[in-house]
Amino acid sequence: MEPTMAPFGAGPGVRPGVRSGVISGVRPGGRPRPRAVLRLCAALGLLAAVAVAGAAPAWAAGETIGGCVLETVADAKKEHGSLDAVKALPADELSALETDLEGCLESPNPILPALDEIIWGGLAFVILFAFMWWKGFPAVKRAMDARSEKIRADLDAADTAKADAMRTKSEYEAQLADAKTAASAIIDEARAQADQLRQDLQARAEADIAEQRARAAADIESSRRQAVDDLRTEVAAIAVGAAERVVGASLDADVHRSLIDGYIDEVAGAGSNGNGG
Amino acid sequence: MADLAASDRISGYADALLAVARAEGSQAEVEDELARFADALRSSDELQSTLADPAIDVERRLRITEDLLGGRALPATAALVSLVVGAGRGGELVDIVDATIDRAAAGRNRRVARVRSAVEITADQRARLAEAIKASSGLDVEIQAIVDPSVVGGVVTEIGDDVIDGSVRSRLQQMRAGLS
C-alpha cells in the first residue's frame with residue numbers, strides 16, 4: 001500500500017477517512033500527478049515573487065546616480081548658501097563632499113537588498129504566509145478534500161456500476177444460457193413434432209393409397225361385372241330379338257292355329273289331370 | 001283414395017251403360033260392339049290418347065267417335081260411347097267397357113275370360129277354350145277375344161286376377177331372363 005501524501009506538508013501517512021489505495025494528488029501507481037506538482041511549484045513561485053518584490057534593491061525603488069548627485073549638491077548648497085561658498089570650502093570638507101558624491105557613484109548590491117527592505121519584505125512575507133496559512137491553505141485543503149471525496153464517490157459509483165454491469169452480464173449470460181437451452185428444447189420438440197407429423201402424414205398417405213387402391217379395385221370389379229352384365233343383357237336382347245324375328249317370320253296362320261289349339265289342349269289337359277289327380 | 005274414387009266412378013258408368021243396354025233390348029249386341037271398340041282402343045294408343053286428351057275440344061272427340069261407330073254399330077252403342085267421351089272420361093273408356101262386360105256376365109252367373117292372341121281366334125276355338133277353362137277351373141266363362149300382336153303367338157287368358165300365359169312372348173321373356 002502506497003502512503004498517502006497530504007498536500008502542503010501535511011505529513012506522510014494514511015489520512016483518516018481516506019480509502020486505502022487512493023492517494024490524494026498521487027496516481028494509483030505511486031507517482032505524483034503532474035497537476036499537483038505544477039500547483040505546488042506555482043505556489044512556491046508566488047511566494048518567492050512576493051518576497052523578491054518586497055525586498056527590492058534601492059536602485060529598483062527609483063533612486064538614480066544623477067539624482068543622488070543633485071541631492072548631495074543641493075544639500076551642500078543649502079548648507080553653505082551658494083555653489084561658490086561650497087567651492088570655497090576647506091579641503092577636508094570638500095573631501096567629505098567628494099566622498100558623498102563617490103557614494104552616489106557606487107552601484108547597489110543586486111543580491112542583498114538594503115536592511116530595511118529585508119525587514120519590510122520579511123514582514124510582508126510573514127504576514128502573507130500567515131494569511132495564506134490561516135485562509136488559503138484550509139480552502140485549498142477543503143477543495144482538495146472535496147475533490148478527493150468526489151473522486152472517491154466517482155470510484156465507488158464506478159465500482160458499483162461495474163458490479164452492476166457484472167451482475168447484469170451474469171444475468172444476461174444466464175438468460176442467454178436459458179434461452180439457448182429453451183431454444184434447443186424448442187428445436188428438439190419441433191423436430192419431434194415434425195417427425196411425428198411426417199410419420200402421420202406418411203401413414204395417412206399410405207392408408208389413403210391403400211383405400212384408393214381398394215376402391216379402384218372394387219370399382220374395376222364392379223365395372224367389370226357391370227360390363228359383363230351389360231354384355232350378357234345385350235347378348236340376350238340380341239339373341240331374343242333375333243329369336244323373335246325368326247319366330248315372327250316363321251309363325252304363319254297354321255302355326256298360330258296350332259299354337260292356340262295346343263294351348264287349349266294344355267288348359268283342358270290341366271283340368272283333366274286336376275280332376276283325375 | 002284416387003284409385004278408389006276412380007273404381008267407384010268406373011263402376012257407376014258400367015252400371016249405367018249396362019242399364020241402358022238392357023233398356024234398349026240389345027244387350028248382347030251392345031256388349032259385343034263395346035268389346036270390339038275397346039279392343040280397337042287397346043290396339044291404338046293414338047286413338048286412346050286423342051279421346052282422353054282434355055286439350056282437344058269435346059265436339060271434335062265426339063265427332064271422332066261418331067265417325068268410328070256411325071253406321072257400323074247400334075245407335076245405342078254409339079250413344080253410350082259418346083256419353084262417356086262427352087263426359088271427359090275417354091281415358092277410362094276401356095276400363096268402363098270391361099267393367100260393363102264383367103257385370104253383364106256376372107248377371108248371367110258367368111265370368112269373363114279375356115283371351116289375347118296375335119291372331120283372332122275362331123268361334124270353335126272360343127267354345128273349346130271355354131269348355132277347357134270350365135273343365136280346369138269349374139268356371140263358366142264368356143270369352144272376350146282381344147287381338148294383341150305383342151303376344152307374338154299362342155294365347156294369354158285372364159280371368160279376374162288369374163292369368164294363364166301360353167304365349168310365345170312369355171317364352172321369349174323366359175329365354176331372355178335365362179340368358180341375362
Side-chain angles (χ1 to χ4, degrees), chain A residues 208-277, chain B residues 43 111-160 162-180:
Chain A
D208 290 343
I209 291 172
E211 183 180 358
Q212 290 179 0
R213 189 174 296 165
R215 191 181 305 158
D219 291 343
I220 292 172
E221 179 63 20
S222 176
S223 299
R224 190 187 65 80
R225 290 181 179 178
Q226 184 66 35
V228 171
D229 292 343
D230 292 344
L231 181 60
R232 185 177 298 169
T233 302
E234 189 68 19
V235 170
I238 293 172
V240 172
E244 284 178 351
R245 286 191 294 273
V246 171
V247 170
S250 62
L251 290 179
D252 55 9
D254 293 337
V255 176
H256 279 297
R257 187 175 61 253
S258 175
L259 288 173
I260 293 171
D261 292 341
Y263 173 81
I264 294 171
D265 293 340
E266 286 182 4
V267 172
S272 61
N273 291 334
N275 293 332
Chain B
S43 63
R111 301 284 301 276
V112 175
R114 293 185 173 83
V115 179
R116 301 175 184 274
S117 59
V119 297
E120 190 172 2
I121 62 175
T122 63
D124 177 63
Q125 288 172 334
R126 287 189 181 195
R128 286 193 292 119
L129 182 56
E131 291 176 0
I133 292 172
K134 181 176 178 57
S136 63
S137 62
L139 295 175
D140 288 329
V141 297
E142 295 181 1
I143 302 297
Q144 180 184 355
I146 301 171
V147 177
D148 186 357
S150 67
V151 174
V152 181
V155 178
V156 179
T157 301
E158 299 174 6
I159 305 172
D162 296 329
V163 178
I164 305 171
D165 194 345
S167 66
V168 176
R169 179 183 61 188
S170 65
R171 303 288 175 85
L172 291 174
Q173 288 175 348
Q174 291 174 1
M175 183 177 70
R176 184 195 303 270
L179 290 175
S180 59

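Only this structure's heavy atoms are used, side chains among them; waters, hydrogens and symmetry mates stay out.
For chain B, the nearby parts of A:I260 are the backbone and the side chain; heavy atoms of each come within less than 4.5 Å. Contact of B:S167 with chain A is not made at all, since no heavy-atom distance falls under 4.5 Å. Contact annotation for B:V155: both backbone and side-chain heavy atoms come within less than 4.5 Å of a heavy atom of chain A. Contacts between A:A237 and chain B at a heavy-atom distance below 4.5 Å involve backbone atoms as well as side-chain atoms.
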Step-by-step side-chain contact (heavy atoms from CB on, under 4.5 Å) determination, A:V267 to B:T157: CA-CA 10 Å; A:V267 172; B:T157 301; 6.0 Å; no
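Chosen from B:L129, B:V168, B:I121, B:I133, the residue pairing most often with chain A at heavy-atom distances under 4.5 Å is B:L129. Across B:R128, B:E131, B:M175, the residue that shares the most heavy-atom pairs under 4.5 angstrom with chain A is B:R128.
More than 12 heavy atoms of other residues, nucleotides or ligands lie within 6.0 Å of CZ in B:R126, so this atom counts as buried by the packing criterion.
Of all heavy-atom pairs spanning B:L172 and A:A243, the tightest one is CD2-CB, 3.9 Å. In this structure, B:A118 and A:H256 approach most closely via the heavy-atom pair CB-CE1, 3.6 Å. Residues A:I264 and B:Q125 approach most closely at CD1-O, 3.4 Å, considering heavy atoms.
Using modelled atom types and a 3.5 Å distance limit, the side chains of A:Y263 and B:S117 yield no donor-acceptor pair.
Contacts of residues 210-235 of chain A with chain B at a heavy-atom distance below 4.5 Å involve A:R232, A:T233, listed in sequence order.
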